[in-house]
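Heavy atoms only: backbone and side chains are in, while hydrogens, waters and symmetry mates are out. Just so it is clear: chains get the letters A, B, ... in the order the sequence lines come, proteins before strands, and each one is counted from 1. Since the structure is predicted, the reported quantities are computational estimates derived from the model, not experimental observations.
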Amino acid sequence: MSPPAAGALELFDADFLRRLENLKLVSKQLLPGAFKGEHRSRKRGSGIEFADYRPYVEGDSLRFVDWPAYLKFDKLLVRLFEEEGDLPVYLFLDSSGSMTAHVTSATDRTELAATKADYARRIVAAFAYIGLTNLDRVSITAYADGMRDCLDTIRGPGQIIRALRFLEGLEFSGESDIGAALVKFFERPRRRGLVVVVSDFYDASADDGLRRLFQRRHDVLLVAIRDPSDSPPDIAGRVELIDSESGRSSLVMLDPALVSAYREELEETDRQLQSLCKRRNWSFLEASTQVAFDELILEVFKQGRLLR
Amino acid sequence: MTFTQFPTASALGLLAATGLAIVLIYLLKPPPQRVVVPSTLLWEKLAAKPRPRDRWRTLLSLLISLMIALGLAAVLAGADIMGDNRLRRPILVIDDAPSMAAGANQTRMDAARDAARQLIAGALTPITIADTSSSFGIRTFSTPAAALEALDEIIVHANRPTAFPKLPADWIGGDRHLVVITDGVHALEIPDTARVVDVYEPVENVGISRFETRARVAGSRSLFLEVHNGGEQPSTSRLQIEDTRGTTLVDRDLDLRAGERWTAVLDLDQSRAAVEPGSALRGTVLTPDDGYRQDDRAWARAPVVSDIALGFAGPDDSAVKRVLEADPGVSVTSQIETAPRLVLEGVAPESPPLVPTLLIAPPNAPWLPSRAETKSAARFSELRLVPIASTASSSPLAADHEDTRVIEGAEIEEVLVFEDDALDPLLVSDDDTVLAGWVAASPGSELEAPVLVLTFDPSTSNLPLADSFPLLISALVRQLDRVVVEESRGPGLHEVDTSLDVTTDGARRTLMQDQEGQSVRAIPGSPGHDFFELQAGLYESSGGAESSADSMTITPRGPVTLRRGAELQVQRLELAGSTGPGLSWIAYLVAALIATELWLRSRGLTE
């Protein structure tokens, strides 16, 4: 497949798209696919990979009878092969206001290029691109204040431009609420698949929402976007902190001890997410915007055994 | 001074100032910086967790606030935090100087007695009481009741000198508790170990700050009068001046602004009723609600100018003689043998005269030198030998007197006359002494009496006879024997230099003066007060005799600037504050604590 024309895209250049083309998206679990994609499926079928034996029953094709086994065990056994199927990929992108916030004074509220938002969109775009090129079924959901927008079930490399344009047109504002978004999204019957959540996880409803994914036995990848804006302000004294999502303010007395405590709390939050993923056999990735995007996709994802 | 003694207005003022300080602290509290963060979720989580440092910070803030409050309370209440002095033997020194009589409803002396009563009431040991005028003396009482009873014997003395009592040296310090109760007006040499209780209260005061008579040479008698409103409010006063006969010379109302000085010169010879020489004059300024009565009255005595008796010898148609006969202060006689002074025109005795003599255009005489040295104002540094004019010469007062005879070795007191110079300024100096004339005597001769020589015949000179010539002759005559101008002042009246300014800390302040010779100005400072005292050019009246003190003592905080007046002896009066040695540093401590609190708040170390 040839990459899309670079001029139509702003999030990726053509060279980057070509490099992604060679990557394969793999889930840790083998998931059944409704279409014949390039993933192994537990559904036994007409593939070429041997999977198991079962006793011959009337009607089975004699092509799959293992004759050497018959000679050895005096039983007719039929060879089963793993059928290759498509993989549902559900991409969830946090489009709340915190994804665009920067540490700045109230008198200078310049939002510098929405770093976390761009970074997250590129990650989602990469997942979508890889999924589509592997003939997987891809859904992209932007959530804030519930489910904001959704590009539901696209398949095939020809949908890449559509996915990228969807991502480019997203607005980042409001409060993050992954729980409400997941409830809304999975109201319809959905096949089990790979769920990727890209967010900074400043979300009080995150635990409840993620529990639903576990109950539905999805394979989950949590990508926590971290940015310098998440660090505490580099000032001291009485500081009125204004929440970029809700506009609420909190008056704190910033001192070195509180700053240190905040850093620990932030790390603890990431540790808890990581621990949650480990318990549920999920994957977790902390993606810092300070790491070059190319490096993240091509190296960090490999280190995390997400791509091969 | 304790809190209960604190004047209501001052206490309210301090409370208002404290409230203002609190409001200022609140307003000066730096506003929090506003910062947009991605989410306050974690911050709120942190806020919900108790931190050990929060408790420490709250305690620190509470501690500092308590210290500030205690400090303010100490300042307001004047708490003596130096310890309990009740077990130490008290020595109370009560200032009974005239200024202690000041006060509207309650005088400073009343406040001093109240303060003394409180100190005495709490004493557990014998009490010693002393005053500063020595009229009460130094007395020791075994019981508080006896001491309280004796307090009423201490009253203000208007005419007694004020000084710190001479206490035995071993009374200073040790187990004795020395307390000085004063308004701080008089500079007392208070020992460092003493506790000073300040009973100073500012009062509205209009008083006579100058009331003196003078007689000028060949002039009239004058009364110099100054009324000063030393208060802070405008006033309307009634001024009356009358003599001993009951004749009213002045009776008028005076409207004075705060701090205004009203001055007038009253011609005693031209007034409605001529004042008899030697009669007493009384000035009275009556002002409603005046806080200091001591300076509302002043006394002076009309000057007595005695006549000058002299004998004259010279031409019958002498212009000099006519001038002398026209001088009201001169009686002329032709009996030159018995006259106490002589004026000789065109003649000279064979030997030096035995009485003061004025020689006008004298002939040669053996005892007279031939030339005199003189200074020229035009050639100031040049000493020249000026020839004494020959008898009846027609010297036109030429510039160099080249054609006149010279008396050698004459002692010149001053230049007589210069061409092109105005005459009047040379005759009378600023201090009313005559400059013209000199004492002349040839070498080897001894004069029995002063001799003045006028080296030319004035009648033939170019002096304006109708104007300057009489003045010259009159002045020279009076120079023979200084005119006695008798001036006297009644009891309690002193002369005070009224043009004294004091510059302290860059701010010009004018002293308030009173008729007791004390120039008083209390300048409220922070904390407590600074006090000034002026004793300048005082004529201390004692038994009718007059004496003059030429020293002046002033006790400012900073340098002194005098516009006019006598030399000053500058001292610093150390009054440690209204309520004892603790007050100053308490106030500074409060200020330091407030600053610390503000700094800690700005650093986020307190809440």
If you measure from [atom1] on [X] to [atom2] on [Y], what distance do you get to the nearest 0.5 Å?
| X | Y | atom1 | atom2 | result |
| --- | --- | --- | --- | --- |
| Y262(A) | L46(B) | OH | CG | 8.5 Å |
| R238(A) | R34(B) | CZ | CZ | 13.0 Å |
| T40(B) | Y202(A) | OG1 | OH | 10.5 Å |
| M99(A) | S39(B) | CE | OG | 12.5 Å |
| L251(A) | W43(B) | CG | CH2 | 12.0 Å |
| D203(A) | L41(B) | CG | CG | 8.0 Å |

### Task
Evaluate whether atom CZ of R271(A) has more than 12 neighbouring non-hydrogen atoms of other residues, nucleotides or ligands under 6.0 angstrom away.
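Atom CZ in R271(A) is packed in, count exceeds 12.
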### Task
Mind running side chain to side chain contact (heavy atoms under 4.5 Å, CB included) on V35(B) and E240(A) for me, showing each step along the way?
CA-CA 6 Å; V35(B) 173; E240(A) 184 180 6; over 6 Å; no
Heavy-atom proximity to chain B below 4.5 Å, by part of [X]:
| X | result |
| --- | --- |
| L266(A) | both |
| S176(A) | neither |
| I235(A) | side chain |

### Query
Would you say S244(A)'s side chain and P38(B)'s backbone share a donor-acceptor pair under 3.5 angstrom?
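Answer holds: yes.
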### Query
Do the side chains of L42(B) and T269(A) get nearer than 4.5 Å, heavy atoms only?
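T269(A) reaches L42(B) side chain to side chain.
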### Query
Do the side chains of V37(B) and P233(A) get nearer than 4.5 Å, heavy atoms only?
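A side-chain contact under 4.5 Å exists here.
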